[in-house]
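Note that the structure is a prediction, hence the values are computed from the model and not measured. Chain letters run A, B, ... following the sequence lines, proteins first and then strands; every chain starts at 1. Just the heavy atoms: all of them, side chains too, but no hydrogens, waters or symmetry mates, feed the values below.
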Protein chains: 2
Amino acid sequence: MATVSNVLNGKPSVSQGFITRVRAAVDELGYVADSHASRLRSGKHSLAGVVVPDLSNPMFGAFVSTLERLARDDGFDLLVVSSANDPDQEAERLRSIRSWRPAGLIVIPCDGRLSARLPRGGNPPIVVADRIPDDGGFDLVAVDNAKSAAAIAAHLAGEGHRTCLVAGSMLAISNVRERWEGAAAAAGPMAIEMVESGLDRGVIRDRLRARLSAGTRPDALFTLDHLTTLVAYQLLAELGVSIPRDIAFASFDDTEWMHLVTPPITAVRQPVEEMARAAWTQFIRRLSGGDAVPRTLRLSCAIEIRGSSLRRTGLPDNAAA
Amino acid sequence: MATVSNVLNGKPSVSQGFITRVRAAVDELGYVADSHASRLRSGKHSLAGVVVPDLSNPMFGAFVSTLERLARDDGFDLLVVSSANDPDQEAERLRSIRSWRPAGLIVIPCDGRLSARLPRGGNPPIVVADRIPDDGGFDLVAVDNAKSAAAIAAHLAGEGHRTCLVAGSMLAISNVRERWEGAAAAAGPMAIEMVESGLDRGVIRDRLRARLSAGTRPDALFTLDHLTTLVAYQLLAELGVSIPRDIAFASFDDTEWMHLVTPPITAVRQPVEEMARAAWTQFIRRLSGGDAVPRTLRLSCAIEIRGSSLRRTGLPDNAAA
DNA sequence: GTGAAAGCGCTAACAA
DNA sequence: TTGTTAGCGCTTTCAC
């Protein structure tokens, strides 16, 4: 019995004859050792917990997809849970996932207050990705939000737009905050203004419509997250506001469709795969005890300037009333 | 010790005083019972395995996302693995996931030969979704591929198109096959032809380009899966083939961007959430031993007729050379 | 209503 | 190199 265990775990002290016989029996029976019993006795196993805000967001889907592949290569399985962008649910998930005693967690938190939601009583190593918690102490992988947003703002200002509306879910989410701050700092002569659009489609729609219908329409609209971009783009079409003639448009977060529409949308392309890869690498490094202090990694984004944000041809100046 | 267990599992035979004290201690310590030990002793736990071909496909992302929510509501955790559309990897995943002794599996198989890839030695209940295995014996939730594809083909024929190219990954995938057969059966006077485009972006591109550049260009193009749609749409733009002037375009699988482009794309909208919901319901039903024989459920799709497939205005007839 | 003891399927430690 | 024994953290059983 112990010998079977030794064969399956590749221990050296087993005779060739036994190895062969055990393998044959295992194949015939389709036997796979029980991970639970195995973990219980050895204390070790290869299970990683993944907590994301929303799996239906293509960015998080791509993140988990890449993570799954890398985890598999390292023999890990993934327990995936969604916080549904809700702090309370996130807290509950972080708590209940501990019952599996995962080797560690990879978390995209729903806002900055992650520390406050960690259950007491010894958590496994945590690598935080994409969004930066208010408190330090975590390994961290994110993109250079401020710099990339600044590049977009500078581009929009450079195209001669005078006023810019920035719309993103919530400033409580670090990357939205960093993007806004980066854009605001780089706006130069362009007047720039922020609206928190929320996390719900309907709410986003209402808030954007209210702002776009009231008073002077901004020359440019810069959306800071995928859902806001989607809703804004649809809304502009419905309102008959033409891109880029009536308004310039740019997005943080580049998804498939943005270069398929006409004109294609200027966007910040986040290196999602690279982020997942970096998170996994750091996860493994942390588990093997290599690092002493938490590591922070900031990845660069590509700025994709496309037709949606280019100067309105033939119009010398702001034509909105 | 046993009493603590009884409190946590809500057993009735515990005094109120004990319940209060145990809960207080649990809260203070952040204690969560070890699922592994718990499963080992009781033989029961709430873990479901999910096997999908590719998490980065938005359709599967939405599927898993919905599943995760429903699972959570029923107290289940989800072990998610991807087969990367590769039968060998699928077989390996199906095998290794058994080490967790999941209560059951929900599988979107990568092709029809699922049975052949199941490890011997007693598998847990399996609900198959989206794609139909060649062998019966599984609970099944899928959409009415043939009927929906037929509706598209009939629509294209009705618009006066004379020739139609159908492109989908592989006929070995049941839903692609059903879609092709449904379309072929409903083409009427319209000449219809199928090309298997493959699963790899580059390959899809090459095959489509070869077909679209050679000989007579078809009047209409009907793509049967998301990746083929994406690649085809980009390719048409690059080739300068205008939709719908030069070619009518329709897609099986409706994603966000298809109604954002100009003209919006005619598509079959699959009820992904409903499919996930039905799969979960069946999963729970199967676990509770309610059903004797496997159940098959076919869900209806919505046909979204949009601008991309409408008759070319002003052109009385087939203008292609 | 509570506590003591056994045992789930493994692996670690050690004896043979 | 192989076999035996103990025990991981729970839940079940059963005595109290």
For A/S115, side-chain hydrogen bond (donor to acceptor under 3.5 Å, both in side chains) partners two or more places apart: A/D135
Spacing of B/N9 atom CG relative to D/dT12 atom C1', expressed in whole Å: 11 Å
What's touching nucleotides 1-4 of chain D from the protein side, N or O pairs under 3.5 Å?
residue: D/dT2; atom: OP1; partner: A/S15; partner atom: OG; Å: 2.7
residue: D/dT2; atom: OP2; partner: A/S15; partner atom: N; Å: 2.8
residue: D/dT2; atom: OP2; partner: A/S15; partner atom: OG; Å: 3.0

Within residues 12-36 of chain B or reaching into it, pairs that qualify as salt bridge (charged side-chain N to carboxylate O under 4.0 Å, His left out) - sequence neighbours excluded: A/R39-B/D34, A/R101-B/D34
A/N6 CG to A/K11 NZ distance, which is reported to the nearest 0.5 Å: 5.5 Å
Counting only pairs under 3.5 Å, give me each side-chain donor-acceptor contact of residues 59-70 of chain A, with atom names and distances, residues two or more places apart or in other chains.
residue: A/T66; atom: OG1; partner: A/A62; partner atom: O; Å: 3.0
residue: A/E68; atom: OE2; partner: B/S82; partner atom: N; Å: 3.0

Qualifying residues under side chain to side chain contact (heavy atoms under 4.5 Å, CB included), relative to A/P87, sequence neighbours excluded: A/C110, A/D111, A/R117
Salt bridge present between A/E90 and A/R113 (N-O < 4.0 angstrom): no
Watson-Crick and G-U pairing of DNA chain D written in dot-bracket, each distance under 3.5 angstrom, with | for inter-strand partners: |.||||||||||||||
DNA chain C-proximal residues of residues 34-48 of chain B, any heavy atom under 4.0 Å: B/L40, B/R41
Partner set under side chain to side chain contact (heavy atoms under 4.5 Å, CB included) for B/R41, not counting sequence neighbours: none
First-last contacting nucleotides on DNA chain C - partner chain B, under 4.0 angstrom, heavy atom: C/dG1 to C/dC10
Qualifying side-chain hydrogen bond (donor to acceptor under 3.5 Å, both in side chains) pairs, either residue in residues 123-134 of chain B, two or more places apart: B/D130-B/N175
Residues forming a side chain to side chain contact (heavy atoms under 4.5 Å, CB included) with A/V203, sequence neighbours excluded: A/D200, A/R207
Under 3.5 Å donor-acceptor pairs involving side-chain atoms of residues 72-80 of chain B, not counting sequence neighbours:
residue: B/R72; atom: NH1; partner: A/S96; partner atom: OG; Å: 3.2
residue: B/R72; atom: NH2; partner: B/D77; partner atom: OD1; Å: 2.6
residue: B/D74; atom: OD2; partner: B/W280; partner atom: NE1; Å: 2.7
residue: B/D77; atom: OD2; partner: A/W100; partner atom: NE1; Å: 2.7

Carboxylate-amine/guanidinium proximity below 4.0 Å for B/R295 and B/D139: no
Short side-chain donor-acceptor distance under 3.5 Å, A/H36 and B/S35: no
